[in-house]
Amino acid sequence: HRIAYDHDMLLDPPQAIHAEVRLKSGAKLLELLYSIDHRERDGRRLYRGQADAKWCLTPRLFRDEDATNVDVLKAFERRFLNSLRNTLRHGTAAPERLLDNDDYLLSLAQHYGGLTRCLDWTASPLQATYFAAAESVTSRCERDLCVFTTSSFRCRRSLNDDGSRLLNSPAADNHHIRAQNGELVLHGWSDRNHWPDRAIEAEPEDLSTILRARVAKLRVPSKASAWLVDQLRYRGIDGSRTYDGTRGYVQLAFEQAMM
């Protein structure tokens with residue numbers, strides 16, 4: 001059952017809390033996700049799945065503990081974007097309006113595994129769950145997997161003065177970006193992590209706290225990952241539908257072999 005809630009509950013008063021919910025099974029995770037109304041007056045809910053609940057909301061560029069010199073990181077990003085721009089200019093028919101758009105290049109790099117300071121979110125809770133569960137299966141991760149959730153409205157409110165912002169990418173011609181149906185958050189140079197060291201514990205029934213939270217983390221034991229992948233396949237979500245072309249079929253075969 002989907003539980004309706006008062007939209008004003010989300011907005012008045014705003015809370016800067018982060019909530020963590022521990023669930024006992026994959027079924028409980030899906031039940032909770034289905035209980036959240038995805039459409040909000042000021043936007044929509046966003047989700048991000050991760051195979052290891054201990055991972056923070058930290059972009060790839062900042063995950064190396066030795067990557068602390070901001071000037072070095074900025075120089076790397078400039079070289080990377082210029083190299084990508086030149087490669088696409090000589091090897092593809094991409095229009096100049098896109099090649100001159102750094103947001104487009106960053107989003108393209110993010111979706112194809114490049115080292116960026118972006119994190120991608122999706123409007124589909126099942127898609128986010130798939131990313132977490134499939135990676136947990138294929139990497140044989142033994143720690144809890146998790147799905148983060150926030151609202152696009154609250155995501156916009158929480159971005160601070162350090163340069164973090166929602167990425168504005170003209171991505172209509174890119175299958176990966178279009179299929180994600182979500183938002184990319186570009187972290188500022190001093191904003192390495194959007195998840196604090198501590199979060200309040202919330203019960204699965206406490207939707208008020210979960211929905212008011214700036215970000216909520218829904219975590220479930222890794223033993224549920226294979227069951228989740230199987231259930232999501234019945235719902236039309238698997239590697240062949242998530243990734244384009246041959247890569248999707250390779251991903252699907254890999255998942256099946258690992259289960």
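Computed over heavy atoms, backbone and side chain alike; hydrogens, waters and symmetry mates excluded. These figures come from a predicted structure and were not determined experimentally. Residue numbers count from 1 along this sequence.
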message: In the structure I gave you, are the side-chain heavy atoms of L32 and L207 within less than 4.5 Å of one another anywhere?
response: yes

Spacing of R214 atom CZ and S151 atom OG [to the nearest 0.5 Å]: 10.5 Å

message: Which heavy atom of A132 sits nearest to which heavy atom of C146, and what is that distance?
response: CB-O, 3.6 Å

task: Kindly state each residue pair satisfying salt bridge (charged side-chain N to carboxylate O under 4.0 Å, His left out) with at least one member in residues 215-226, sequence neighbours excluded.
output: E20-R219, D144-R219

- line: Minimal heavy-atom distance between A128 and V147, with the atoms involved, is CB-CG1, 4.2 Å

- request: Kindly write out the residues that satisfy side chain to side chain contact (heavy atoms under 4.5 Å, CB included) with D71, not counting sequence neighbours, or none if the list is empty.
  value: N69

- request: Please report the shortest heavy-atom distance between T209 and A19, naming the atom on each side.
  value: CG2-CB, 4.2 Å

message: Is it the case that the side chain of S83 and the backbone of R79 share a donor-acceptor pair, with hydrogens and angles ignored and the cut-off at 3.5 Å?
response: no

- line: Nearest heavy-atom contact between Y47 and L33 is CE2-CD2, 3.8 Å

Partner residues of T92 under the side chain to side chain contact (heavy atoms under 4.5 Å, CB included) criterion, sequence neighbours left out: L88, A94

field: Cluster link W55 to F148, ILVMFWY, side chain under 4.5 Å
entry: no

Separation between OG1 of T116 and CG of L184, rounded to the nearest 0.5 Å: 8.0 Å

message: Go through it in stages, so that I can follow the logic: the residues are F76 and L61, the test is side-chain contact (heavy atoms from CB on, under 4.5 Å), and I'd like the CA-CA distance, side-chain angles, deciding distance and then a yes or no.
response: CA-CA 10 Å; F76 168 80; L61 186 62; 3.9 Å; yes

message: Restricting to side chain to side chain contact (heavy atoms under 4.5 Å, CB included), what partner residues turn up for K74, sequence neighbours left out?
response: V70, R78, W189

field: side chain to side chain donor-acceptor pair (under 3.5 Å) partners of E142, counting only residues at least two apart
entry: none

query: Does T122 use its side chain to pair, donor to acceptor, with the backbone of Q127 at less than 3.5 Å?
result: no

- request: Enter the distance from L46:CG to L119:CG here, rounded to the nearest 0.5 Å.
  value: 12.0 Å

query: Linking I/L/V/M/F/W/Y whenever their side-chain heavy atoms sit closer than 4.5 Å, directly or via other members, would V72 and F80 fall into one cluster?
result: no

- line: All heavy atoms of L106 vs all of C118, minimum pair found to be CB-SG, 4.3 Å

message: To the nearest 0.5 Å, what is the distance between CD1 on I210 and CG on L218?
response: 6.0 Å

- request: Would you list the pairs meeting salt bridge (charged side-chain N to carboxylate O under 4.0 Å, His left out) in which at least one residue belongs to residues 199-210, sequence neighbours left out?
  value: R22-E201

task: Would you check if L29 and Y34 make a side-chain contact, meaning some heavy-atom pair closer than 4.5 Å?
output: no

task: To the nearest 0.5 angstrom, please state how far the CZ atom of F131 sits from the CD1 atom of I237.
output: 9.5 Å

- prompt: Are the side chains of L211 and R45 in touch, meaning some heavy atoms are under 4.5 Å apart?
  reply: yes

field: salt bridge (charged side-chain N to carboxylate O under 4.0 Å, His left out) partners of residues 49-63, not counting sequence neighbours, each pair once
entry: D52-R143

field: Beyond-backbone contact of V220 with K28, side-chain heavy atoms, under 4.5 angstrom
entry: no

task: Might you point out which heavy atoms bring L228 and A133 nearest each other, and give the distance in Å?
output: CB-CB, 3.8 Å

query: Between S136 and S222, is a side-chain contact (heavy atoms from CB on, under 4.5 Å) present by the stated rule, with each step listed?
result: CA-CA 7 Å; S136 177; S222 62; 3.9 Å; yes

field: Nearest-0.5 Å distance, CZ of residue F62 to CG of residue L115
entry: 10.0 Å

field: Residue pair R165, L167: steps toward the side-chain contact (heavy atoms from CB on, under 4.5 Å) verdict
entry: CA-CA 6 Å; R165 61 182 175 87; L167 210 60; 4.0 Å; yes

message: Under 3.5 Å, is there a donor on one side chain and an acceptor on the other for N82 and R85?
response: yes

- prompt: How about Q231 and R233: does a side-chain donor come under 3.5 Å of a side-chain acceptor?
  reply: no

Residues in salt bridge (Lys or Arg N to Asp or Glu O under 4.0 Å) contact with D100, at least two apart in sequence or another chain: R89

Any side-chain heavy-atom pair of T68 and L73 under 4.5 Å: no

query: Please walk me through it: do Q50 and L145 pass side-chain contact (heavy atoms from CB on, under 4.5 Å)?
result: CA-CA 6 Å; Q50 296 188 170; L145 60 91; over 6 Å; no

